[in-house]
Amino acid sequence: MSHFVDFQNVWLAYNEELLAQQRFAVEDISLQLGEGEFIAIVGPSGCGKSTFMKLTTGLKMPSRGSIRIAGEPVTGPLKISGMAFQAPSLLPWRTTLDNVLLPLEIVEPYRSQFKARRKEFEERACRLLASVGLAGYERQFPWQLSGGMQQRASICRALIHEPKMLLLDEPFGALDAFTREELWCILRDLHAEQRFNVILVTHDLRESVFLADKVFVMSKSPGRFVVERNIELPRPRDLEVTYTPEFAEIVHELRGHIGAIRQTTATSPAPVASSPT
Ligand code: ADP
Ligand code: MG
C-alpha cells in the first residue's frame, strides 16, 4: 500500500540564486505518513518548518526529490488540505459563520454549488462551530470573540471542506496556557472523530507529545529531520497524562535533542550570505 504522504529526498532552495549557491532551506527530507496519522514537527526558528508545510500543500515545488500525496505527485496547490496559522487571520468584516464558509466559496467543487447548497453548507458550518463550543457565536464578528475563540473558528474554517489533511503552523502559540490546553482537547476530539492527517508545527514540546502519534525534530542549517520519536501513550489521551512520569520523560528526551541542536547551531560559523552588509 502506498503512503498518504510520501516525501522522497526532498530539497528546496527558495530561488535560482540560492540554488546556484547550494543554499537550501530544507535538505534531503524523506518521510512517509499513513492515512489519518497525526505528526508534530518541532525545531528552532528558521529551521524550515513552514517551508516543509509549503511543500506539503504544493505552494512550493521541490528543487530536488519528489512529493506524493494520496498517491498523486504534487504539482500545484492542493485542495485536499486545510490550513490554520498562529494568527487567526479571520476576515473582520465577515461574521464567524461567513468566515468558516469562505473555503466553500473558493474551492471547487463547492464553489459552483455554493448558491444552491448554501443552506446545507451553513448547517455543516454550524455543526462544526458547535463541536468546538462556538454555538451561539455564528453571527458575531471576529473582533467580538476572544483569541481562543477566534482560533477555534479558524480551525473550523480549515476543516469545513472536509480535507484529508490538516496543516497547523503554530496554531496555539499566541494563546494562554489554559486556553491552549482546551484547544488541544478540541483538536484531539476532531481528529479522533474524522481521522484526517494532521501535521502540527509547534514550539511547545508538551503539545507535541500530548497530541501526536509521532514527533519529528528538525535541525537548522541544514534544515533536516534529525529525530523521529514515536509517542506510544495510549489513546484517548486525557490532560492527566501530561502529569505522568512517562510523559515527562518523553518531553525531557525531546528537550535534550533540541538543546543539542541549539548548541551546534550556536557554535558553528555563520553561513556565508548572512555576513553583515
Ligand atoms: P521556520 O518555519 O522553521 O521558522 P522557515 O521554513 O520559515 O523556518 O525558514 C527556513 C529557512 O528558509 C530560513 O533560513 C528562512 O530565512 C528561509 N526562507 C523562508 N522563506 C523564504 C523565502 N520566501 N525566500 C528565501 N528564503 C526563505
Ligand atoms: Mg515558521
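Keep in mind the model is a prediction, meaning the values are calculated, not measured. Counting convention: from 1, in listed order, for ligands and their atoms alike. For the numbers below, each heavy atom of this structure counts, side chains included, while hydrogens, waters and symmetry mates do not.
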**Request:** Give the residue, atom name and distance (to 0.1 Å) of the protein heavy atom nearest atom 19 (C) of ligand 1.
**Result:** Tyr14 CE1, 3.4 Å
**Request:** Using a 4.5 Å cut-off on heavy atoms from C-beta on, say whether the side chain of Leu254 contacts that of Arg229.
**Result:** yes
**Request:** Kindly indicate, with the supporting measurements, whether the criterion side-chain hydrogen bond (donor to acceptor under 3.5 Å, both in side chains) is fulfilled by Tyr14 and Thr51.
**Result:** CA-CA 9 Å; Tyr14 264 97; Thr51 303; 2.8 Å; yes
**Item:** Contact with ligand 1 for Cys47, non-hydrogen, under 4.0 angstrom
**Value:** yes
**Asked** Counting from 1, what ligand 1 atoms have a heavy atom of Ser50 closer than 4.0 Å?
**Response** 1 (P), 2 (O), 6 (O), 7 (O)
**Asked** Is the shortest heavy-atom distance from the side chain of Ile186 to the side chain of Ile155 under 4.5 Å?
**Response** no
**Prompt:** Are a donor atom and an acceptor atom from the side chains of Glu108 and Ser112 found within less than 3.5 Å of each other?
**Reply:** yes
**Prompt:** Does any non-hydrogen side-chain atom of Glu120 lie less than 4.5 Å from one of Gln113?
**Reply:** no
**Message:** Quick one, Leu31 and Phe52 - any side-chain contact, counting heavy atoms below 4.5 Å?
**Reply:** yes
**Message:** Is there a polar contact, in the sense of an N or O pair closer than 3.5 Å, between Ala25 and ligand 1?
**Reply:** no
**Residue and atom name of the nearest protein heavy atom (relative to atom 8 (O) of ligand 1), distance in Å to one decimal** = Gly48 N, 3.2 Å
**Sub-3.5 Å N/O-N/O distance, Ser45 and ligand 1** = no
**Prompt:** Hey, is atom 16 (O) of ligand 1 under 4.0 Å from any protein heavy atom?
**Reply:** no
**Item:** Which of the ligand 1 atoms, numbered from 1, are nearer than 4.0 Å to a heavy atom of Thr51
**Value:** 5 (P), 6 (O), 9 (O), 10 (C)
**Prompt:** Got an N, O or S from Ser50 under 2.8 Å of the Mg ion (ligand 2)?
**Reply:** yes
**Prompt:** Mind checking whether Gly46 has an N or O less than 3.5 Å away from an N or O of ligand 1?
**Reply:** yes
**Prompt:** Do other residues, nucleotides or ligands put more than 12 heavy atoms under 6.0 Å from the NZ atom of Lys164?
**Reply:** no
